[in-house]
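A quick write-up on the structure given underneath.
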Amino acid sequence: MAKMAFVVEDEENIREVIKCALESCGLHVLGFEEAELLFPEMEKHLPDLILLDIMLPGMDGLTALRQIKAGPAAHVPVILLTAKSSEIDKVTGLDLGADDYVTKPFGVLELMARVRAALRHTDQSGSSKSVLTSHGIRLDKERHEVTLNERAVELTLKEFELLKLLMENQGKAMTRNSLLDNVWGYGYAGETRTLDMHVRSLRQKLGADCDGGRFITTVRGVGYKFDG
Ligand code: CA
């Protein structure tokens, strides 16, 4: 799945240049004119990277950075864009948790190099605690990868989320509605056919090799569980 970047920059021409540069790095890009617009969007989905201008109308970039680092997007790398080459901005930004900064005017190649470095950093932070293993199945939350006995298993996003949730709650029976709520969100309560279809497909994908799928068991009248 393509990575997603959010770009907050009030000057449209600069925003467009950044957008093009990031898209040529293979990223999906959403542009925002104001930092306030970022937060409702992040309630829907978190990006893999945020480029944040400091001088913005309304909420300034440093205030936005503070708010980002205090919320669910705290782990998302942030690159600050600053028109000023003022040391104080950079230091404050880095103190507040920014990963890097780019001083305007910047070259597109420099920007792309910084973006790639920031993304590499998050790829490597896939530490052992973000990896779940059981019965030959290895699920890497950060990399969004699943292997079965060291062979890659291609899962859809929902199958991945479902397996993750079951493995995180290994040995515990999960009700159909709690699985639906967590993986599909509210409004899916009662859509048990959707869930059952995904479980069937997940079992098939995990079972093709060495019966990994049989560890997802049906708990009659309740839902499913990943056997401990
Ligand atoms: Ca600006």
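Values below: every heavy atom of this structure, side chains too, minus hydrogens, waters and symmetry copies. Order of appearance sets the numbers: ligands from 1, and atoms from 1 within every ligand.
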With a 3.5 Å cut-off and no angle check, do the side chains of Tyr224 and Asp196 form a donor-acceptor pair? yes

Going by heavy atoms in the side chains, are Leu27 and Leu119 under 4.5 Å from each other? yes

Taking Asp60 for the side chain and Thr63 for the main chain, is one N or O donor matched with an acceptor at less than 3.5 Å? yes

Side chains of Asp140 and Val131 in contact at under 4.5 Å (non-hydrogen atoms): yes

Tell me, which protein N/O/S atoms are under 3.0 Å away from the Ca ion (ligand 1)? Asp10 OD1, Asp53 OD2, Met55 O

Report the C-alpha separation of Ile68 and Leu38 in whole Å, then their side-chain angles, then the decisive distance to 0.1 Å, and conclude whether the side-chain contact (heavy atoms from CB on, under 4.5 Å) test is met. CA-CA 9 Å; Ile68 290 166; Leu38 197 58; 3.8 Å; yes

Residue pairs involving residues 4-56 (criterion ring pair (Phe, Tyr, Trp, His ring centres under 6.0 Å); sequence neighbours excluded): Phe6-Phe32, Phe6-His45

